[in-house]
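Here the structure is laid out as structure tokens; the discussion comes afterwards.
Everything quoted here is computed from the prediction, not taken from an experiment.
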Amino acid sequence: MRFAVALLSLLGIASIIGTVLQQSQPSATYLVKFGPFWTQIYQFLGLYDVYASAWFVIIMLFLVISTGLCLIRNVPPFLREIKSYRENAKEKSLASMRHSTLLDKHISPEIAARYLKVQGFSSKTVNREDGSVLVAAKKGAMNKWGYIFAHAALIVICLGGLIDSNLLLKAGMLTGRIVPDNNALYAKDFKPESVLSKGNPSFRGNVNINEGQSADVVFLNADKGMLVQDLPFEVKLKKFHIDFYNTGMPRDFASDLEVTDKETGETIERTIRVNHPLTLHGITIYQASFADGGSDLKFKAWNLADPDRTPVTLKATSMRDFPLTIGDTEFKLEFDQFTALNVEDMSQPPENRPQSLQNTLNDVRAVTQENKRFTNIGPSIIYRIRDNAGQAVEYKNYMLPIKQEEDYFFITGTRKGLEQQYRWLRIPMDKNGKADTFMAMRELLNNESARQKVVAQATLGAPADIREQFSTAAANTLSAFAQGGYLALDRLITQNIPAEEQEKMQGYFYQMLFGVMNAALDETLKTYNLGEWQQDEARQRFLLHSMDAYTGLTEYPAPMLMQLDGYTEVRSSGLQMTRSPGASLVYLGSVLLVLGTIFMFYIREKRAWLLFTDGKIRFAMSSSRNERDLQKEFPQHTQRLQQLAEDLNHDRPN
């Protein structure tokens, strides 16, 4: 019993894990969530498909076999016990019972039997060979069915779990009859041994359908590959609907489906939403998720090898790959999912808020309202630029400027691996809400004649006796910064100034740089007709942010800078389809478990005997549980029998 309880507890814990942790997701999803180390540990433990893992199935098989043997051994005696009145009870055994007494008043066996019947007992009167008469009574014999129902419930529930645990699928994979495919991208490309027939008794698969498109298969994660499950119908997504809270978090999402039966051609239209599925041919279609379905995107793109401030317009589609040629170099541009809404907790003060935006929320389950202020920070796109060697860098770009501290920035994150955090390039927004001023200043800094003009303007206020020397220093400083930002300026100081004077001169050079850059900003506004910008704190912050962004661009790991500038969203509905014949067994087992609990805990078996022998009447009672109840009931029954005997015999002489 202890071992069985331990196994049931283990199954309970595993079921909790299987409920909390999304099952049968792509490996990349778990890799992003847990990292490479824990991903392998959890995969070894089978936590990504708990209900079909070998140890889970083995435990259920063991419980079915052991509990079945227990029932086979105990049910026949229980059934005999339910029918039995224990009419073979001897006087000695009755006298030795805890609740036993001799009645001092005479009462007939017939009257005693009728009294017990009124009290809810069923009775049987036996005339024995020695002349004695025994009235044996019982009630609550159904208590034994509680044991039978509870154990049968465990067997039925485990059988239901085994049926839905893809046991046949696992067996097919072990024998080589079923082979998961880890190379094919489309259903038509899967090998025959990777396609499951419509007669597959149980499965759980997923498919994403774009608006206006249809699917007649679902994909199953199996081992390290995928399997395709044929469906007896075709599902078309006519329209996807989504509603949001004021915070921007998803409140409800639904799919308008058109389902066509492959055999009859009959078509029905239904709308499904979370917790409101559709069932056809024993297959239940759930609204599981939503995603990008290949949205049309428009970018501003700047070639970082060219200082030109004017971007080119680049059009693309999310979830697709495009060739990219820059100069003589070939790249591949790989777009991931487009996200129209990104909800961030903005309740924290700026100095404590995660600047990496790594906690961007897209999952409704992550919402907790208490002491939080969720804000939609706008659309974003993830893309990768891959070179000829196959090396790729991932980028995440936000379309709208995002406020950090007191100012707004156009931000793009970069990372070289899924295990890394994004490093963010922040281009400051100008007073017109655009990045034009920064890009114009970048073009100006890369123009040598424009730099000379800026230096001349910046040195007008210097004393005449040091103006030439100051002009040369300013020109060198600005030239070094134009070539490589702060990093190039640091190298200039390190290479040309003695070590003992570097710290002192560093401050001097930075002050000079800020003054020259301020003049460069004036010249930029004037040259490119961007309007005047008075000297104020906002302008100084913009200038400092621009110098940081310029330095970041010199180290930017891409040949071009892309800024999302517009989109036409196309949504995709994530549907989960399951065939679970074992579910009905689980429901039946749950009913049996409830009945077993009621019978075991709320129906109490009690037995009573009255033995008439040699002018004496022996009255005894017993109970399978709760002897405490008999401590009250037995004296009451004894008193009532005595009173009944006295009332019936009041006219007889003593």
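- Few gaps surround CD on Glu500; more than 12 heavy atoms of other groups in view lie less than 6.0 Å from it.
- Of all non-hydrogen atoms in Leu530 and Ala440, the two that sit nearest each other are CD1-CB, 4.1 Å.
- At a threshold of 4.5 Å between non-hydrogen side-chain atoms, the residues Gln506 and Ile497 do not count as touching.
- Counted within 6.0 Å of CD on Glu330, heavy atoms from surrounding residues, nucleotides or ligands total more than 12; the atom is thus considered enclosed.
- Looking at residues two or more places apart in sequence or on another chain, you find a side chain to side chain contact (heavy atoms under 4.5 Å, CB included) between Val207 and Ile209, Ala215, Val218, Phe219, Leu575, Met577.
- For Glu532, the CD atom is loosely surrounded, since the number of other residues' heavy atoms within 6.0 Å does not exceed 12.
- Pairing each heavy atom of Gly293 with each of Asn210, the nearest pair is O-ND2, 2.8 Å.
- Taken from CZ in Arg442 to OG1 in Thr554, the straight-line distance is 10.0 Å, to the nearest 0.5 Å.
- Arg571 is linked by a salt bridge (Lys or Arg N to Asp or Glu O under 4.0 Å) to Glu569, counting only residues two or more places apart in sequence or in another chain.
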(request) Could you walk me through whether Leu478 and Met517 pass side chain to side chain contact (heavy atoms under 4.5 Å, CB included), step by step? (result) CA-CA 8 Å; Leu478 187 59; Met517 286 296 294; 3.8 Å; yes
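- Side-chain N or O atoms of Asn432 include none that pairs as donor or acceptor with a backbone N or O of Lys434 at under 3.5 Å.
- Looking only at side-chain heavy atoms (C-beta outward), Arg384 and Asp336 come within less than 4.5 Å of each other.
- Here the closest heavy-atom approach between residue Ala482 and residue Asn446 is recorded as O-OD1, 4.1 Å.
- Counting only heavy atoms from C-beta outward, the side chains of Tyr48 and Thr39 approach each other to under 4.5 Å.
- The aromatic rings of Phe240 and Phe290 sit tilted relative to each other, their planes meeting at an angle between 30° and 60°.
- There is no side-chain donor-acceptor pair under 3.5 Å between Gln534 and Arg539.
- Shortest non-hydrogen contact noted between Ser255 and Leu237 is CB-CD1, 3.6 Å.
- With sequence neighbours excluded, the residues forming a side chain to side chain donor-acceptor pair (under 3.5 Å) with Arg386 are Glu334, listed by chain and number.
- A heavy-atom distance below 4.5 Å is found between the side chains of Ile272 and Leu257.
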(request) Would you please test Arg204 and Gln576 for side chain to side chain contact (heavy atoms under 4.5 Å, CB included) and show each step? (result) CA-CA 7 Å; Arg204 181 183 299 270; Gln576 184 179 89; 3.0 Å; yes
(request) Begin with the C-alpha distance, continue with both residues' side-chain angles, and end with the deciding distance and a verdict on salt bridge (charged side-chain N to carboxylate O under 4.0 Å, His left out) for Asp548 and Arg426. (result) CA-CA 8 Å; Asp548 291 338; Arg426 308 189 308 165; 5.3 Å; no
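- To the nearest 0.5 Å, atoms CG (Asp522) and OG1 (Thr527) are separated by 10.0 Å.
- The number of heavy atoms from other shown groups lying within 6.0 Å of CD (Gln457) does not exceed 12.
- Taking the six-membered ring for Trp and the full ring otherwise, the centers of Phe34 and Tyr42 sit less than 6.0 Å from each other.
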(request) Could you give me the CA-CA distance, side-chain angles and deciding distance for Met560 and Val312, then say whether side chain to side chain contact (heavy atoms under 4.5 Å, CB included) is met? (result) CA-CA 11 Å; Met560 67 178 180; Val312 297; over 6 Å; no
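- Ring pair Trp424/Tyr398 is tilted by interplanar angle, where 30° to 60° counts as tilted.
- Residues Pro379 and Leu564 come closest through the heavy atom pair CB-CD2, 4.3 Å.
- Between the CD atom of Gln535 and the CD atom of Gln540 there is a distance of 6.5 Å, given to the nearest 0.5 Å.
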Atom pairs and distances, side-chain donor-acceptor, residues 485-493, under 3.5 Å, sequence neighbours left out:
residue : atom : partner : partner atom : Å
Asp490  : OD1  : Tyr510  : OH           : 2.4

(request) Start with the C-alpha distance between Tyr383 and Met562, add both sets of side-chain angles, then the distance that settles side chain to side chain contact (heavy atoms under 4.5 Å, CB included), and finish with yes or no. (result) CA-CA 10 Å; Tyr383 62 93; Met562 296 172 56; 3.6 Å; yes
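- Pro401 is not listed as a side-chain neighbour of Phe409, based on a closest heavy-atom distance of 4.5 Å or more.
- Rounding to the nearest 0.5 angstrom, the gap separating the NZ atom in Lys239 from the CG atom in Asp256 is 9.0 Å.
- Residue-environment remark: NZ (Lys431) exceeds the threshold of 12 foreign heavy atoms within 6.0 Å.
- When the options Phe322, Phe335, Phe338, Tyr395 are evaluated for a ring-ring contact (aromatic ring centres under 6.0 Å, His included) with Phe299, the one that passes is Phe335.
- In Gln502, the CD atom is crowded: over 12 heavy atoms of neighbouring residues, nucleotides or ligands sit closer than 6.0 Å.
- Screening Gln421, Gln420, Glu394 against Arg415 for a side-chain hydrogen bond (donor to acceptor under 3.5 Å, both in side chains) leaves a single residue, Glu394.
- By the 4.5 Å heavy-atom criterion applied to side chains, Phe514 and Met547 are counted as neighbours.
- Expressed to the nearest 0.5 Å, how far NZ of Lys526 lies from NZ of Lys453 amounts to 5.5 Å.
- Thr339 and Asn342 share no side-chain donor-acceptor pair at under 3.5 Å.
- Residues satisfying the ring-ring contact (aromatic ring centres under 6.0 Å, His included) test with Trp533, not counting sequence neighbours, are Phe542.
- By the neighbour-count criterion of 12 heavy atoms within 6.0 Å, atom CZ of Arg541 is densely surrounded, having more than that number from other residues, nucleotides or ligands.
- Looking only at side-chain heavy atoms (C-beta outward), Thr437 and Leu521 come within less than 4.5 Å of each other.
- The minimum heavy-atom distance linking Ser471 with Thr459 is given by the pair CA-CG2, 3.7 Å.
- Under the side chain to side chain contact (heavy atoms under 4.5 Å, CB included) test applied with Phe253, the options Arg273, His241, Gln287 reduce to a single match, Gln287.
- Looking at Ile385 and Leu333, their side chains come closer than 4.5 Å, going by heavy atoms from C-beta outward.
- By the side chain to side chain donor-acceptor pair (under 3.5 Å) test, Asp436 pairs with no residue at all, sequence neighbours left out.
- The structure places CG of Asn303 at 5.5 Å from CD1 of Ile326, a figure rounded to the nearest 0.5 Å.
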